[in-house]
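First comes the structure, then the notes that go with it.
Remember, predicted model here, so these are calculated numbers, not experimental data. When a residue number appears, it is its place in the shown sequence, counting from 1.
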Amino acid sequence: MARIGFLAAICALVIAGPIPPADAKPKVKLKLIGRFKKPVYVTSAPGVRGIFVVEQGGRIRLQQGKKRRTFLKIGGLVRSGGEQGLLSVAFAPDYATSRLLYVYFNDNSGDIEIAELRADPDGLHAARSTLRPIIVIPHPRNSNHNGGQLQFGPDGMLYAGTGDGGGSGDAPDNAQNPNSNLGKLLQINTTAPGNPIRVYARGLRNPYRFSFDLISEPGQPRVAIADVGQDRFEEIDYLGFAAADGANFGWNDFEGFARFPGAHPPTASPTVKPIKVYPLKGRTCAVVGGYVVRDSRLRSLFRRYVYGDFCAGWIRSLIPRPGGARKDRDAGVRVPSLSSFGETADGSLYATSLRGPVYRFVRRR
């Protein structure tokens with residue numbers, strides 16, 4: 001049976017073996033930035049001071065120091081609740097001049113919609129009237145497994161992670177079907193006429209959060225995907241950016257490293273194995289993917305991939321390698337109802353709780 005609740009379909013972070021205790025003296029702490037209404041993502045925009053906080057119900061807030069304003073409000077277009085809602089925003093690399101941004105949400109039919117908007121000249125407000133759909137992906141059967149991440153890649157293209165359509169076992173085989181946009185990483189060319197879209201990678205169950213690693217191997221970017229499992233394992237996938245183009249990450253032939261019995265029929269395509277899996281047991285329920293940390297002030301996390309679990313609330317880090325993760329350990333901080341991580345242009349790392357708080361990671365002195 002599929003697990004129910006926000007990020008319950010996002011459940012999947014696979015830690016092989018027992019989880020060691022937290023460090024005796026954690027070297028980072030969480031600084032409360034503010035409280036929001038069901039925050040699910042944090043990012044920044046080129047040329048604009050402050051952080052943008054995405055709220056699940058359909059609003060984006062811009063916080064600049066202690067001042068806060070509504071940047072975008074599209075609640076009337078969004079079906080929100082459970083795993084549905086406004087799930088992320090990505091600002092164009094040239095936002096400082098173009099004022100273009102992109103949002104990922106469930107529309108009132110429950111379908112996945114990725115749309116473009118244009119902000120005002122000052123970049124501090126975007127009107128619903130400027131919204132232009134780029135793609136609507138039918139998602140009629142189930143309310144879970146919506147994916148939700150938008151991220152510009154190192155090639156300047158926009159990438160989107162979509163879930164397999166929900167329910168149990170991917171009965172329609174969407175993730176393995178090259179003609180379906182579900183269970184995929186999609187590449188969108190936002191600068192070409194018609195915004196052409198293609199499947200970049202497949203075989204994913206619910207890649208609610210993914211990111212690009214530009215620091216581990218300079219000049220050789222990599223992609224990190226936290227993919228939610230079903231009943232047994234959560235997993236983290238990590239592969240070179242070029243190698244991931246066309247890759248098959250295995251669902252529903254595999255859940256973590258294990259063969260999944262519901263595959264129909266098993267694909268003949270070679271599949272990429274996770275670098276890390278952890279079992280679904282105890283309080284764990286859903287993996288929440290983060291970033292390879294670029295903030296050198298966070299010495300204990302620098303160059304490590306940070307991730308967490310929605311139900312358990314713990315946050316961990318590891319050294320990512322395409323062949324397997326190394327030195328997985330507890331970060332020493334907790335975020336109950338962890339809904340996302342976020343990163344700003346200067347490398348600052350954030351975490352959001354569905355209960356309302358938004359935190360920034362800072363060094364413990």
Check: side chain to side chain contact (heavy atoms under 4.5 Å, CB included) between D237 and I275: does it pass, once the steps are laid out?
Finding: CA-CA 6 Å; D237 301 304; I275 65 163; over 6 Å; no
Any donor-acceptor pair under 3.5 Å linking the side chain of [X] with the backbone of [Y]?
{"X": "Y104", "Y": "G161", "result": "yes"}
{"X": "N177", "Y": "N179", "result": "yes"}
{"X": "S98", "Y": "D94", "result": "yes"}
{"X": "R118", "Y": "L100", "result": "no"}
{"X": "T162", "Y": "N181", "result": "yes"}
{"X": "N252", "Y": "G169", "result": "yes"}
{"X": "R59", "Y": "F71", "result": "no"}
{"X": "K281", "Y": "P279", "result": "no"}
{"X": "T130", "Y": "L117", "result": "no"}
{"X": "N144", "Y": "G167", "result": "yes"}

Notebook entry, point to check: Is the ring centre of Y291 less than 6.0 Å from the ring centre of F341?
Noted result: no
Check: How about F361 and Y350: are their ring centres within less than 6.0 Å of each other?
Finding: no
Check: [X]/[Y] side-chain N/O donor and acceptor closer than 3.5 Å:
{"X": "Q149", "Y": "Y159", "value": "no"}
{"X": "D111", "Y": "H139", "value": "no"}
{"X": "N174", "Y": "D164", "value": "no"}
{"X": "T70", "Y": "R61", "value": "yes"}
{"X": "S337", "Y": "R355", "value": "yes"}
{"X": "R303", "Y": "S216", "value": "no"}
{"X": "S339", "Y": "T352", "value": "yes"}
{"X": "N146", "Y": "Y208", "value": "no"}
{"X": "T191", "Y": "N189", "value": "yes"}

Looking at side-chain heavy atoms only, is the closest gap between [X] and [Y] below 4.5 Å?
{"X": "D107", "Y": "R79", "answer": "no"}
{"X": "V293", "Y": "R304", "answer": "no"}
{"X": "D309", "Y": "L338", "answer": "no"}
{"X": "V362", "Y": "V28", "answer": "no"}
{"X": "V335", "Y": "L30", "answer": "yes"}
{"X": "L185", "Y": "L204", "answer": "yes"}
{"X": "Q64", "Y": "R69", "answer": "yes"}
{"X": "T284", "Y": "W314", "answer": "yes"}

Next item on the list: Check the pair F241, R222 against side chain to side chain contact (heavy atoms under 4.5 Å, CB included), reporting the backbone distance first and the verdict last.
Entry: CA-CA 4 Å; F241 180 69; R222 297 168 180 173; 5.8 Å; no
Margin query: With a 6.0 Å cut-off (strictly less than), is the heavy-atom count around CZ of R141, excluding the residue itself, greater than 12?
Written below: no
Hey, quick one: are [X] and [Y] part of the same hydrophobic cluster, counting side-chain heavy atoms closer than 4.5 Å, chains of contacts allowed?
{"X": "V199", "Y": "I188", "answer": "yes"}
{"X": "L87", "Y": "I135", "answer": "yes"}
{"X": "L318", "Y": "I215", "answer": "yes"}
{"X": "V89", "Y": "L349", "answer": "yes"}
{"X": "Y238", "Y": "F212", "answer": "no"}

Would you call [X] and [Y] a salt bridge, taking side-chain N to carboxylate O under 4.0 Å as the test?
{"X": "R299", "Y": "D295", "answer": "no"}
{"X": "R99", "Y": "D120", "answer": "no"}
{"X": "K276", "Y": "E235", "answer": "no"}
{"X": "R198", "Y": "D245", "answer": "yes"}
{"X": "R132", "Y": "E116", "answer": "yes"}

If you take all heavy atoms of [X] and [Y], which pair is closest and at what distance?
{"X": "L280", "Y": "D231", "value": "CD1-C, 3.6 Å"}
{"X": "P336", "Y": "S353", "value": "O-OG, 2.7 Å"}
{"X": "E83", "Y": "H145", "value": "OE1-N, 2.9 Å"}
{"X": "A115", "Y": "P133", "value": "CB-CA, 3.9 Å"}
{"X": "D227", "Y": "R205", "value": "OD2-N, 2.9 Å"}
{"X": "N248", "Y": "G203", "value": "OD1-CA, 3.6 Å"}

Enter the distance from [X]:[atom1] to [Y]:[atom2] here, rounded to the nearest 0.5 Å.
{"X": "L354", "Y": "S340", "atom1": "CG", "atom2": "OG", "value": "10.5 Å"}
{"X": "H125", "Y": "L62", "atom1": "NE2", "atom2": "CG", "value": "11.0 Å"}
{"X": "K27", "Y": "R365", "atom1": "NZ", "atom2": "CZ", "value": "14.5 Å"}
{"X": "F302", "Y": "R294", "atom1": "CZ", "atom2": "CZ", "value": "9.5 Å"}
{"X": "L86", "Y": "L77", "atom1": "CG", "atom2": "CG", "value": "10.0 Å"}
{"X": "S44", "Y": "E343", "atom1": "OG", "atom2": "CD", "value": "8.5 Å"}

Next item on the list: For side chain to side chain contact (heavy atoms under 4.5 Å, CB included), just list the numbers for R329 and S317, CA-CA rounded to whole Å, side-chain angles, deciding distance to a tenth of an Å, and then say yes or no.
Entry: CA-CA 6 Å; R329 69 190 185 203; S317 72; 4.0 Å; yes
Check: Looking at F257, does the NZ or CZ of K273 lie under 6.0 angstrom from its six-membered ring centre and within 45 degrees of the ring axis?
Finding: no
Check: Which of parallel (below 30°), tilted (30 to 60°) and perpendicular (above 60°) describes F152 and Y102?
Finding: perpendicular
Next item on the list: For the residue pair Y307 and Y305, categorise the inter-ring angle as parallel (less than 30°), tilted (30 to 60°) or perpendicular (more than 60°).
Entry: parallel
Note to self: Using the rule given for side chain to side chain contact (heavy atoms under 4.5 Å, CB included), can you reason through I60 versus V53, listing the C-alpha separation, both sets of side-chain angles and the distance that settles it, and then say yes or no?
What the structure shows: CA-CA 6 Å; I60 299 176; V53 178; over 6 Å; no
